[in-house]
Trainee: 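Pasting a structure here, questions to come.
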Amino acid sequence: MIPYLPQPQFTIGSYTFHAFGFMAAVALLIGWWLVRRRAIQVGFNSGHVQWLTLHMIWWGFFGSHVLYLILIDRPGLVRNPWRLLNPIDGIYSFGGMICGMLAVVFFARRYQLTRQQVLQYFDIAAFVFPTGWLIARVGCALAHDHVGRASNSWMAVQFPEGPRLDLGLIEAIYTAAIVAIFYLLDRRRWPPPFYFGLFFLLYGPFRLWLDTMRQPPSKADTNFGAGAIMLGCAMLFLAWRNRSKS
């Protein structure tokens with residue numbers, strides 16, 4: 001089994017920084033830089049991409065918090081509505097993805113992007129997303145904040161209370177495989193939104209399986225997995241229709 005290691009942390013002055021927060025910040029910065037670089041390479045305006053990506057990240061992050069409180073912790077929200085003002089007090093990853101995508105659609109008109117450019121931007125973001133997601137999930141694994149059910153498998157972690165699955169670690173391993181697949185596929189050109197659809201199609205079934213490893217299972221994650229599969233199929237169909245334009 002995998003040995004349990006407490007979450008790394010370091011202190012500067014009166015501030016203590018934990019591994020998860022550090023890795024999440026690194027994931028956002030690297031993701032923003034990679035999206036901007038890839039978009040400029042295919043002809044997007046540098047300034048427009050920079051601001052559009054910032055809008056996507058900010059509204060995705062804040063939206064993930066709002067939807068977490070509404071869909072997963074509604075009783076906590078009713079008891080303390082002020083939690084809405086603390087964006088780090090609970091996040092729902094699928095909610096963040098949805099809100100980030102809606103932000104791109106909303107702000108695309110401001111930057112005069114055509115429908116095809118919006119699809120291309122989504123494809124760029126989807127290609128980069130697994131890299132940032134991998135870094136963030138490594139942070140989850142270090143923080144042990146997604147503890148699964150008890151297990152004696154070789155992938156279980158020797159938690160102080162007994163061996164259990166670390167779902168953040170499992171997801172980091174799976175995401176690393178998606179990153180490798182995407183970079184192998186990047187040797188040729190694909191019509192947008194190919195990567196957008198492929199990511200959700202690959203991630204959806206995995207998320208459905210991962211939900212069975214939770215204790216207790218989460219209905220929100222089950223809906224996430226099913227929705228991701230349907231979205232992935234729809235986007236791949238759209239990419240197939242766009243193949244003549246690439």
Side-chain angles (χ1 to χ4, degrees), residues 1-2 5 19-20 22-42 49 53 56-57 60 93-94 96-97 100-101 119-146 148 153-157 165-213 221 224-225 227-240 242-243 246:
M1 295 183 184
I2 301 170
L5 298 174
F20 173 74
F22 176 78
M23 296 298 287
V26 170
L28 289 174
L29 289 173
I30 290 180
W32 175 81
W33 179 74
L34 287 175
V35 168
R36 182 176 179 275
R37 186 184 70 167
R38 192 174 177 89
I40 292 173
Q41 287 175 347
V42 298
V49 168
T53 305
M56 178 179 66
I57 291 173
S93 53
F94 189 53
M97 294 178 190
M101 288 186 286
L119 291 178
Q120 191 173 26
Y121 179 85
F122 274 139
D123 223 32
I124 292 168
F127 179 86
V128 170
F129 181 79
T131 300
W133 194 250
L134 170 59
I135 297 171
R137 283 312 189 197
V138 169
C140 290
L142 293 172
H144 307 290
D145 59 355
H146 295 287
S153 75
W154 64 272
M155 290 190 67
V157 174
L165 296 174
D166 190 322
L167 304 186
L169 175 61
I170 294 173
E171 189 161 352
I173 294 171
Y174 184 77
T175 306
I178 294 180
V179 171
I181 291 170
F182 276 24
Y183 275 96
L184 287 172
L185 289 172
D186 199 39
R187 296 176 179 178
R188 60 161 290 185
R189 187 176 180 183
W190 300 90
F194 172 77
Y195 289 109
F196 188 84
L198 184 60
F199 170 76
F200 281 105
L201 188 61
L202 291 173
Y203 189 70
F206 169 77
R207 191 68 181 231
L208 286 174
W209 171 81
L210 194 69
D211 184 47
T212 66
M213 301 294 109
D221 284 318
F224 181 175
I229 293 171
M230 291 187 289
L231 180 60
C233 289
M235 293 299 102
L236 284 176
F237 175 73
L238 188 58
W240 177 78
N242 284 338
R243 66 193 186 281
S246 298

Trainee: In terms of ring plane angle, is the pair W209 and F206 parallel, tilted or perpendicular, where the classes change at 30° and 60°?
Mentor: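 Tilted.
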
Trainee: Can you sort out the partners of A24 under side-chain contact (heavy atoms from CB on, under 4.5 Å), two or more places apart, ordered by chain and number?
Mentor: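 By the side-chain contact (heavy atoms from CB on, under 4.5 Å) rule, A24 matches no residue at all.
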
Trainee: Under the side chain to side chain donor-acceptor pair (under 3.5 Å) rule, collect the residues that match up with T53, sequence neighbours excluded.
Mentor: Y121

Trainee: I'd like to check the side-chain contact (heavy atoms from CB on, under 4.5 Å) partners of L29; sequence neighbours left out, ordered by chain and number.
Mentor: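 Partners of L29 by the side-chain contact (heavy atoms from CB on, under 4.5 Å) criterion come out as none, since no residue qualifies.
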
Trainee: If you count the non-hydrogen atoms of other residues, nucleotides and ligands that lie under 6.0 Å from OH in Y174, is the total more than 12?
Mentor: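 Result for OH/Y174: enclosed.
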
Trainee: Between P192 and L119, what is the shortest heavy-atom contact and its length?
Mentor: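 So the minimum-distance heavy-atom pair works out to CB-O, 3.8 Å.
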
Trainee: Holding to ring pair (Phe, Tyr, Trp, His ring centres under 6.0 Å), I want the full list of residues that pass it with Y183, two or more places apart in sequence or in another chain.
Mentor: F127

Trainee: Nearest 0.5 Å, what's the CE-CG distance between M213 and L165?
Mentor: 7.0 Å

Trainee: Is there side-chain contact between I124 and V42, with heavy atoms separated by less than 4.5 Å?
Mentor: yes

Trainee: Got a second to check how far T131's OG1 is from I30's CD1, nearest 0.5 Å?
Mentor: 8.5 Å

Trainee: side-chain contact (heavy atoms from CB on, under 4.5 Å) with M155: which residues, sequence neighbours excluded?
Mentor: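 M155 satisfies side-chain contact (heavy atoms from CB on, under 4.5 Å) with S153, I170, I173 only.
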
Trainee: Which heavy atom of A27 sits nearest to which heavy atom of A136, and what is that distance?
Mentor: CB-N, 4.0 Å

Trainee: Apply side chain to side chain contact (heavy atoms under 4.5 Å, CB included) to residues V26 and F22 and explain how you reach the verdict.
Mentor: CA-CA 6 Å; V26 170; F22 176 78; 3.9 Å; yes

Trainee: Which atom names give the shortest non-hydrogen contact between G168 and C140, and what distance separates them?
Mentor: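 Looks like CA-CB, 4.2 Å.
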
Trainee: Could you tell me which residues satisfy ring pair (Phe, Tyr, Trp, His ring centres under 6.0 Å) with F20, sequence neighbours excluded, listed by chain and number?
Mentor: none

Trainee: Please walk me through it: do W154 and M1 pass side chain to side chain contact (heavy atoms under 4.5 Å, CB included)?
Mentor: CA-CA 5 Å; W154 64 272; M1 295 183 184; over 6 Å; no

Trainee: Between atom CD of Q120 and atom CZ of F194, what is the distance when rounded to the nearest 0.5 Å?
Mentor: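 One finds 15.0 Å between CD of Q120 and CZ of F194.
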
Trainee: If you draw the axis of the six-membered ring of W33, does the NZ or CZ of R36 fall within 45° of it and under 6.0 Å from the ring centre?
Mentor: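 Because its charged atom misses either the 6.0 Å distance or the 45° angle limit, R36 does not stack over W33.
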
Trainee: Return the CG to CD1 distance between L28 and I57, rounded to the nearest 0.5 Å.
Mentor: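 If we round to the nearest 0.5 Å, L28:CG and I57:CD1 are 5.5 Å apart.
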
Trainee: Are W133 and S93 side-chain neighbours, meaning at least one heavy-atom pair lies under 4.5 Å?
Mentor: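 In contact.
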
Trainee: Considering residues at least two apart in sequence or located in another chain, which fulfil the ring pair (Phe, Tyr, Trp, His ring centres under 6.0 Å) criterion with H146?
Mentor: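 None.
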
Trainee: Would you give me the side-chain donor-acceptor pairs under 3.5 Å for residues 195-204, sequence neighbours excluded?
Mentor:
unit_1: Y195; atom_1: OH; unit_2: D186; atom_2: N; d: 3.4
unit_1: Y203; atom_1: OH; unit_2: E171; atom_2: OE2; d: 2.3
unit_1: Y203; atom_1: OH; unit_2: R207; atom_2: NH1; d: 2.5

Trainee: Show every salt bridge (Lys or Arg N to Asp or Glu O under 4.0 Å) that has at least one partner inside residues 121-133, sequence neighbours left out.
Mentor: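 For residues 121-133: none.
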
Trainee: Which residues pass the side-chain contact (heavy atoms from CB on, under 4.5 Å) test with I181, not counting sequence neighbours?
Mentor: L185

Trainee: Counting only N and O atoms by type, is there a donor-acceptor contact under 3.5 Å from the side chain of R137 to the main-chain atoms of L134?
Mentor: no

Trainee: Do M97 and F129 come close enough that some side-chain heavy atom pair is under 4.5 Å?
Mentor: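 With C-beta onward as the side chain, the pair touches.
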
Trainee: Kindly give the heavy-atom pair with the smallest separation between I229 and P205, and that separation in Å.
Mentor: CG1-CD, 3.7 Å

Trainee: Return the minimal non-hydrogen interatomic distance between D166 and A141, and the atom names on each side.
Mentor: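 Nearest heavy atoms, D166 then A141: OD2-O, 3.5 Å.
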
